[in-house]
Each structure stands twice: as structure tokens, then as C-alpha cells.
Chemist: 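First the structure, then my questions, so here it is.
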There are 2 protein chains.
Amino acid sequence: MAPKSSTLQDVARVAGVSTATVSRTLSNPNVVSESTRTRVSEAVKTTGYRINRAARNLRTQRAHSVLVLLPDLANPFFSEILEGISRELSHRGYSMLIASTKQVHDSGERLLDYLDDARADGMIILDGGLDPDVVSMLENARQTKRILFACEWVEGADFPTVRCENRQGAREAVNHLYSLGHRKIAHVTGPEGNVLMHTRKDAFVAQISELGLELKPEWIIAGDFSISAGCAAAQAWIAMEDRSTAVFCASDQLAMAFIAELSRHGFRVPEDVSVMGFDDIDFAEQFIPALTSIRQDRLLIGETAANMLMGRIESPNTGGDEPIAIIPVSLVVRESTAAPG
Amino acid sequence: MAPKSSTLQDVARVAGVSTATVSRTLSNPNVVSESTRTRVSEAVKTTGYRINRAARNLRTQRAHSVLVLLPDLANPFFSEILEGISRELSHRGYSMLIASTKQVHDSGERLLDYLDDARADGMIILDGGLDPDVVSMLENARQTKRILFACEWVEGADFPTVRCENRQGAREAVNHLYSLGHRKIAHVTGPEGNVLMHTRKDAFVAQISELGLELKPEWIIAGDFSISAGCAAAQAWIAMEDRSTAVFCASDQLAMAFIAELSRHGFRVPEDVSVMGFDDIDFAEQFIPALTSIRQDRLLIGETAANMLMGRIESPNTGGDEPIAIIPVSLVVRESTAAPG
DNA sequence: TGAGCTTCTGCAATCGATTACATTAATTCT
DNA sequence: AGAATTAATGTAATCGATTGCAGAAGCTCA
């Protein structure tokens, strides 16, 4: 059978020192003498020693891992954020645990258990649509300092947050369409109750009015981030009395589904109507027509979130920490928008 | 500050029993008497006890978590597999760690450390393109039993594997195109050296010849699973002396990029050429034209992999375990394929 | 009645690393 | 030279749950 892997004791024996010295050599090399340092290093090599994290975690009361909580694992929007988080975490020797809110809820698992049972040192939540009950549990938890929201957030609750410039993005979208010559601009919103939906919609409305444009009520189409909502929105657009010449969708997925449905009904984008999205997911570039969108740097969002959380975990008392990071967005112009016909 | 969370000791004190009894009540309730069982349960409730996993992990020599290794976190193909894995793991009280091979390699982290340092009980690898050095390290590891490949695998190395019926899928693709009336069928392959690429290509060639069809060398277009490869393949197709009337691409992403590039050059799908993919990713349905594809049940792949691994972790000596699971595929016909013009 | 079982519970060692405190050796200072 | 300081290492307690072993209590049966 497999020989047990070696422990600090083994290394200590081989090097002829105490376990304390070995431990120190590993975690704080400059407090031991040059000679023991090399002796220990050699012993580590010959024994093939690997630290036992369970033991370390128990002793140090740290899990050296972070939980990332998604609304839905199967949604590609999040993967790049994960990449960013993971990159930053692994730099610092942390691992990344993943769970989806849906699942956690279904299995009756308590979210806080991750923190309470020493499985994770902190959590990054990518879901602003958490149950209010859950949110208030989080707020009252002992570990509030170690919870952070990214991308989405919960209005009213004050957790530190990393988010992109949603307002700015929506305004740029409107400006882009305006500068192409559009004066009748519609908006397909995200899901009711979602913070991003509200932020983007409000900014959209504000910018429309700032430009002095008309905004018919039917030009605000209620949707959500799903594919089917995009199809429904397209039908709503088709049924309009007075159709807008441009449509700003609250997400790329929505925009693509919107365009797809339109095309099934014989409309062409951008000839018949300009359509743009939000997010700039990988696929936007590949879509036909290539999608004009507002780009979120998802890698950066992930990295920033991880960074911020680690800071709070590793030095919990550094007070003046800015609890909000805002990541800039940028307009990416492609083929789905053009001057009105 | 935060009151420390309570421990077994606290529960024991409140219930008036020893820690041993509490522990037993929790893990093996039927060995303790009814009366103490209820007493302990109450004490658990009043103290708000949560088990400390670090302590349990140390004592039991289990991490109660599994590492999933991806080639690339930002690739949406994998998300649904993750969902499947995660679902199965959380049922059993395990957590899911995620890392990408790229990252692990970049950061000089040893892959086996996850197993050696008691961070994970096993790993599911979704990347068949691992460095041969790494693979042989894995083969010689103490923990070989706890490593499993899913989707992709490494030719020659014998790790347990979960994969889909790649050969069958490729044959069905050819048959589908054949039954539509196509006689000149091309194939855009995956990346050189990739097992999926070879398996699918070989099956494609075999089925073509079984049907007695001609296969010009230029009809095998070397690609990889990237978007740019799809574009390049489209240019190759356009440049062909004798163009095929149908193209079977080794992945959906490839097929979509292929179609996109074609459309930029004025070709229409399926009017000018039928195109199909492999995988049936979420977006295939939404693409224009909606993509005909070979569907892999990625959720099932994930669940199966997790199940198999857990079995091997929890009862390492159950010998006769079938070390390969094959997940069926199915043809999904949509709009991107039609009878030749 | 008391030997032999069963059932339930407690004692205490254990997993492997960290770290406060004590100890020893070496160096500096007056 | 002897006191005081510094540097390097060792001793042993500790983190919190699990579990082999043993003891106590209750039962059965001859």
C-alpha cells in the first residue's frame, strides 16, 4: 500500500532538529540560522514532505480557501470572473471552493456553514438575488467581515462590493445609439427586482431624458437575462404601434435571443433595427451580426474581488478600507448597430 | 468581538455527557440511547454547534472535498459538467475545489499537492492535454486510485474515465448528413494531439468509408476548438477546389465560428453548405441558423464522474469496479443542416 | 446467585502543525 | 571579567473531533 506521506516529525528527525524549528524554517526562514535552514531544506527534499493543510488549518483557525457563490454554475457569464478570482487566490496559496445558491438552497445547506465550520475563510457572492432571509442571516453573522459581493449586490445591505460602472455603461449605450442618429430608443430590462436591472434602466431613462429624447412607455420592455425573455421582447417589439429604431438590451444573451427571434420573423439587424447588449461575453464577437456591447472586464472584477476579500481576511482591523470598488466599462462597437435606415 | 463558535466540548457540557458521546450521536446515532440522543440534539440546538471540518479532516484523514481540474476556467463548455459534479458532491457533504491546469502550471504548483497536502480526497481532470511529465507523475503517485478523467482522457495511461460516445456521435453526424442527401462531406477537426479530435476524426473517416463515400484529403481540415480555428477553416473551405456540400465540425464553437466567417464572405448556411457541430452547448439553439449538433449530456457526465470518484474514495478496495463509464450522445437536428442545394 | 452478554458511556490517545515560553549559547558592553 | 543582551533552538500545550479500549449497568439463564 501507499506509504504514508511524511510529516514534520519525519523532517525533524532527518534534519536532527525539533519540529518547531522545521515549522519555523518553513514559515519564517529568517529566524533560523543559515546552517539549519539548509539542513532542513535538504531534509524536506529527501523526505518529500508536504504540509498537511488540515493540521495547519486546525491550528491556525484558517481554512486557506474561499467560497464563491454563483446563482447558476451553468451560466457562462461567470466563468471569466472565476478565472480572475482563482488566479488571485492561488497566488496567495488559497484554494477556491464553488457552490451555487440554487443548490445550497435545495439541499437545505446553510450558507453560513461554510464560514462556521471552518471550510472557508470568506465568501464572494455573485448573486444579488439572494433570499432576504438569507441576506439578513448573513448580516447578523459573526463573520460579516468576510463576505463580499461582486457584480451584483443587495440594495440596503452594506457588504463590501465590487461592481462595474453600470450607470456609465447604460449612458454610453444610449449615447452611442444617439450619435448614430437614433432618436427612438427602446430598452429591454433585466429581471424585475435585480439590482443591475434597476441601475441600468434608471441610467437609461436618465440619459434619454438628458438628451431630450422621447420615451414611450412601450419602449421599456420587461425581460430577464434569459434566452426566452429575449424572444418575448422581440415579439413585443414587433407588436409595437410605434417601433423604436434601436434597442438597448440589459445583457448580451438577451440581445442575441432578441436578434434571433427578430430574424425568424424576417427582420434584419442592423438594417431594420439596431440592437446592442451589455457584458460583452466571449460570444458577442462571434454572433451574426457581431454584437455591439458594453464591455465589463470580468477578469479584473474577479481579481479585484479576490484581492479585497483577502485583504479583509488577512488584516481584519485595517479600518479605512474602501468597501466599494468600481470597475470601468467600455463601449465595443460591432455590426449590430448602425445609422437608422 | 465575535463569540467563538461552540465546540463538541460545549455541547458535551450542556448535555452532561462526554465529547465521545456527542460525536457518536452525531455520526452514528443508533449506538446511543434514545434519551441521550434527544438530550444531545437539544444541546446542539441551544449551543448552535457546527462541526469544525478542519478538526474532523485532520482526525479522519479526509478532506471531504474534491478537486476539479479544467484546461480553462473561462470556457463555457465545462460549466454544466461542473454543475453536475457539484450537485453530486454536495449531496454527500463534499465540497468542490476548482483549479485550471494552465494556472497550476503557471504558478509552479504541483498538481499532486492537492492530494498530498490533504486539501482534496480526489480529483476529476477535464483536460486530456496534460503534459506527459505531469501524467507520469500522476501515474506514479501514491494516490492513483483517486484520480479520474472526464470527457477527455489520456491515451495509454489507465485512469478511470467518464466519456461520451464520441465514435457513435461522429457516425451519427455523418449518417445525418448522408440521409439528407450529402455525398461530399468535410470534417473540421479538433486540436492536433487531442484524444477527442482523433476519436471523432477516426470515426468520421470510418463511417464515410463504410457508406462508400469519397473523401478528398482537403476535406479534412485541421483545426482546434477555438474560434479563430473556425474562421481559418472557413477560409480553407472557401478556397477548396472541390467544395464539400456539408461540413461536420468537431465542436459547436468551431461550427459557429465557421458559419460566421462564411457569412462574412457571402455564403449562406444551410443553403450553400450544411454545417453541424458537436457538444450541443447552450448557445447552439440560439445561434442563427440554429445549430444541428451532437448532444452530450454534460450534467450526466459530471454526476457520473463525481459518483464514480466518491465510490473509489469511500471504498478503495472494491475491486471489480468498472473503470469506464460511457455516456450516450444524441443527434439534435436544427436549422444549420438541410438537403444540398 | 453469579457467570456471561449486551448496551451504553467515558477516558484518553491521536491526527500534524503552530507557537508561547523556557533554555542555552554566543555576543556586546562597561 | 561579569552582566546584559541577542540569537537560535527546544519543550510542550494547543487547535477540535474521532475512536479503541475499558468499565458500568442491566439482562438472561442455569
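Excluded from the calculations below are hydrogen atoms, water molecules and symmetry mates; all remaining heavy atoms, backbone and side chain alike, are included. Predicted, not measured: the structure shown is a model, and the values here were computed from it. Letters go in sequence order (proteins before strands), and every chain restarts at 1.
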Chemist: State whether B:T21 places a side-chain N or O below 4.0 Å from either non-bridging phosphate oxygen (OP1 or OP2) of C:dG10.
Modeler: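 Answer yes for this pair, as a side-chain N or O of B:T21 is under 4.0 Å from OP1 or OP2.
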Chemist: Please report the distance, rounded to the nearest Å, between CZ in A:R37 and C1' in D:dA7.
Modeler: 13 Å
Chemist: Taking any heavy-atom pair under 4.0 Å as a contact, classify A:T36: base, sugar-phosphate, or nothing.
Modeler: sugar-phosphate
Chemist: Taking CZ from A:R53 and C1' from C:dT18, how many angstroms apart are they, rounded to a whole number?
Modeler: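 Taking CZ of A:R53 and C1' of C:dT18, I get 15 Å after rounding.
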Chemist: Would one find a side-chain N or O of B:S27 under 4.0 angstrom from OP1 or OP2 of D:dT18?
Modeler: no
Chemist: Between D:dA7 and A:S33, is there an OP1 or OP2 to side-chain N/O distance shorter than 4.0 Å?
Modeler: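 So the side-chain polar atoms of A:S33 never come under 4.0 Å of the phosphate oxygens OP1 or OP2 of D:dA7.
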Chemist: Of all residues at least two apart in sequence or in a different chain, which pass the side chain to side chain contact (heavy atoms under 4.5 Å, CB included) check with B:A15?
Modeler: B:V17, B:V40, B:A43
Chemist: Charged N to carboxylate O under 4.0 angstrom, B:K102 versus A:E83?
Modeler: yes
Chemist: If the test is side-chain contact (heavy atoms from CB on, under 4.5 Å), which one of B:V66, B:L299, B:L309, B:N307 qualifies with B:E88?
Modeler: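 When B:V66, B:L299, B:L309, B:N307 are each tested with B:E88, the side-chain contact (heavy atoms from CB on, under 4.5 Å) holds only for B:N307.
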Chemist: Out of D:dT18, C:dG16, C:dG10, which nucleotide sits closest to the side chain of B:L8?
Modeler: D:dT18
Chemist: Rounded off to whole Å, could you give me the CG-to-C1' distance for the B:D117 and C:dA17 pair?
Modeler: 13 Å
Chemist: What's B:L26 touching, base or sugar-phosphate or nothing? Going by heavy atoms closer than 4.0 Å.
Modeler: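 The answer is nothing, as B:L26 stays clear of every strand by at least 4.0 Å.
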Chemist: Between A:R59 and B:L58, name the one whose nearest nucleotide on DNA chain C is closer to the 5' end.
Modeler: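 Its nearest nucleotide lies further toward 5', so the answer is B:L58.
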Chemist: Does OP1 or OP2 of D:dG16 have a side-chain N or O of B:T7 closer than 4.0 Å?
Modeler: no
Chemist: Is B:V22 touching bases, backbone alone, or none of the nucleic acid, heavy atoms closer than 4.0 Å?
Modeler: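 No contact.
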Chemist: What nucleotide, of D:dA12, D:dT19, D:dC15, holds the atom closest to the side chain of B:A20?
Modeler: D:dT19
Chemist: What integer distance in Å separates B:H64:NE2 from C:dC15:P?
Modeler: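 B:H64 atom NE2 is separated from C:dC15 atom P by 17 Å.
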Chemist: Do the side-chain N or O atoms of A:Y49 get closer than 4.0 angstrom to the phosphate oxygens (OP1, OP2) of C:dA17?
Modeler: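 It does, given that an N or O in the side chain of A:Y49 lies less than 4.0 Å from OP1 or OP2 of C:dA17.
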Chemist: Indicate yes or no: at least one non-hydrogen side-chain atom of B:D127 is less than 4.5 angstrom from one of B:E152.
Modeler: yes
Chemist: Answer with base, sugar-phosphate or nothing: what part of the nucleic acid does B:S23 contact at a heavy-atom distance below 4.0 Å?
Modeler: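 The residue B:S23 makes base contact.
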Chemist: Is there a donor in the side chain of B:R24 and an acceptor in the side chain of B:N30, or the other way round, less than 3.5 Å apart?
Modeler: no
Chemist: Can you tell me which nucleotide in D:dT18, C:dG16, D:dT11 comes closest to the side chain of B:Q61?
Modeler: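 Between D:dT18, C:dG16, D:dT11, the one nearest the side chain of B:Q61 would be C:dG16.
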Chemist: CD of A:E34 versus P of D:dA7: gap in Å, rounded?
Modeler: 16 Å
Chemist: Where the side chain of B:R24 is defined as all heavy atoms beyond and including C-beta, which of C:dT18, D:dT19, D:dT18 is the nearest nucleotide?
Modeler: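 Nearest listed nucleotide: D:dT19.
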Chemist: Round to a whole Å and report the spacing from CZ of A:R56 to P of D:dC15.
Modeler: 19 Å
Chemist: Without decimals, in angstroms, what is the distance between B:D10 CG and D:dC15 C1'?
Modeler: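 Rounding to the nearest Å, CG of B:D10 and C1' of D:dC15 are 13 Å apart.
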Chemist: Measure the distance from CG on A:N57 to P on D:dA17 and round it to the nearest whole Å.
Modeler: 15 Å
Chemist: Before giving the answer on salt bridge (charged side-chain N to carboxylate O under 4.0 Å, His left out), spell out for B:D117 and A:R56 the whole-Å C-alpha distance, their side-chain angles and the decisive distance to 0.1 Å.
Modeler: CA-CA 10 Å; B:D117 68 13; A:R56 192 226 281 176; over 6 Å; no
